[in-house]
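I have placed the structure first, in the form of structure tokens, so that the comments after it can refer back to it.
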Amino acid sequence: MRNINTVKQEFLKNWIWGLRKYTSQKKNMSLLERKKAIKLSADLAMASTRNKTTRWSKALIANASKNSNNKVLTEHVLGSSPPVRKSSTNYSQSTRMRSCRNRLRRNRAVHRPKDRVVASFIARKLVQKRTRRLKSLLPGGEFMDDVSLVEETLDYVQSLRAQVEVMRCLVTASELMILNPS
């Protein structure tokens, strides 16, 4: 992972640049449009700091470029056309793996006491439920295996923290400028 201060500087530079581009396209924006512009430019700036090296950054870019109005901003922020997200998975391999796992589980279940089977079943269901929830929270998480999901989540959380810190610093600086105009 990269130095957090470098990530913050790059995010701030890309975010401000994206806000300028977006506001130059629309002069009179409503409050809701401004909120969407801030969110979109922040997402694209955060994704661009990762240089399209993570799946979550590619998913953010793909989601932003779905709207024709956002494609121009996406191309400006990233310097090229956005990547096309592939939604196909290797179905036959995953089906084979599932059937092998199921056979293995059936064979193991024969030799275990009943209470251990129930406890492991409940634990497995909890893990599956939490994994599904995490996949729904992470951009592009629906298409990730469990190991990739954990790695991508850690990277995404680090990027979100950097984004929040930059935004807090920006708010603090603007409040100071309002309170103490020179």
Side-chain angles (χ1 to χ4, degrees), residues 1-26 29 31-67 69-87 126-182:
M1 293 194 182
R2 295 175 15 196
N3 181 3
I4 194 74
N5 290 327
T6 307
V7 171
K8 288 179 189 177
Q9 289 173 353
E10 193 174 338
F11 167 76
L12 182 61
K13 181 183 75 169
N14 291 338
W15 184 42
I16 291 173
W17 192 82
L19 281 173
R20 285 182 181 160
K21 281 290 182 189
Y22 198 87
T23 55
S24 69
Q25 291 175 353
K26 290 186 173 185
M29 288 193 290
L31 187 61
L32 182 63
E33 288 175 325
R34 286 179 192 215
K35 178 184 169 189
K36 286 181 181 179
I38 291 169
K39 171 90 171 98
L40 175 67
S41 58
D43 283 349
L44 289 174
M46 189 169 59
S48 68
T49 60
R50 299 303 298 146
N51 298 325
K52 302 180 206 173
T53 56
T54 57
R55 292 181 190 175
W56 64 261
S57 64
K58 292 175 186 176
L60 279 177
I61 294 165
N63 289 340
S65 64
K66 284 180 184 176
N67 187 341
N69 296 335
N70 300 342
K71 282 185 183 178
V72 174
L73 180 63
T74 305
E75 290 175 8
H76 279 294
V77 169
L78 300 172
S80 64
S81 60
V84 177
R85 184 166 74 179
K86 297 177 184 176
S87 62
L126 273 172
V127 169
Q128 288 173 349
K129 181 180 177 183
R130 290 177 180 170
T131 303
R132 278 194 307 270
R133 179 72 177 134
L134 185 58
K135 284 183 176 188
S136 70
L137 291 173
L138 187 70
E142 307 87 31
F143 307 107
M144 293 182 205
D145 61 309
D146 294 348
V147 175
S148 299
L149 181 68
V150 172
E151 292 171 355
E152 294 278 331
T153 302
L154 291 172
D155 189 64
Y156 186 60
V157 167
Q158 180 192 22
S159 297
L160 285 174
R161 281 187 179 154
Q163 180 182 3
V164 168
E165 287 177 25
V166 167
M167 289 180 170
R168 281 185 180 157
C169 289
L170 194 61
V171 167
T172 303
S174 64
E175 287 174 348
L176 289 174
M177 289 186 69
I178 290 171
L179 293 175
N180 301 323
S182 339

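No experiment lies behind these values; they were computed from the predicted model shown. Quick note: residue numbers are just sequence positions, from 1.
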Validation row: [X], [Y] side chains within 4.5 angstrom (heavy atoms):
X: Thr153; Y: Leu149; value: yes
X: Met167; Y: Trp15; value: yes
X: Tyr156; Y: Thr54; value: no
X: Ile38; Y: Leu19; value: yes
X: Leu160; Y: Met46; value: yes
X: Ser159; Y: Phe11; value: no
X: Leu138; Y: Met144; value: yes
X: Glu151; Y: Asp155; value: no

Report the distance from atom [atom1] of [X] to atom [atom2] of [Y], rounding to the nearest 0.5 Å.
X: Gln163; Y: Asp43; atom1: CD; atom2: CG; answer: 6.5 Å
X: Met29; Y: Lys35; atom1: CE; atom2: NZ; answer: 14.0 Å
X: Leu40; Y: Glu33; atom1: CG; atom2: CD; answer: 12.5 Å
X: Lys13; Y: Glu10; atom1: NZ; atom2: CD; answer: 6.0 Å
X: Gln158; Y: Arg50; atom1: CD; atom2: CZ; answer: 7.0 Å
X: Leu31; Y: Lys36; atom1: CG; atom2: NZ; answer: 11.5 Å

What heavy-atom pair brings [X] and [Y] nearest, and what distance separates the two atoms?
X: Ser65; Y: Ala62; result: OG-O, 3.1 Å
X: Val127; Y: Thr131; result: O-OG1, 2.7 Å
X: Gly18; Y: Ser41; result: C-CB, 4.0 Å

(message) Considering only residues two or more places apart or on different chains, which pairs with a residue in residues 129-141 satisfy salt bridge (charged side-chain N to carboxylate O under 4.0 Å, His left out)?
(response) none
(message) Leu12 vs Ile16, test: side-chain contact (heavy atoms from CB on, under 4.5 Å). Steps then yes/no.
(response) CA-CA 6 Å; Leu12 182 61; Ile16 291 173; 3.6 Å; yes
(message) Taking Lys8's backbone N and O only, do any of them form a donor-acceptor pair with Glu165's side chain (distance below 3.5 Å, no angle check)?
(response) no
(request) Please report the C-alpha distance between Lys66 and Asn63 in whole Å, then the side-chain angles of each, then the deciding distance to 0.1 Å, and finally whether the side-chain contact (heavy atoms from CB on, under 4.5 Å) criterion is met. (result) CA-CA 5 Å; Lys66 284 180 184 176; Asn63 289 340; 3.5 Å; yes
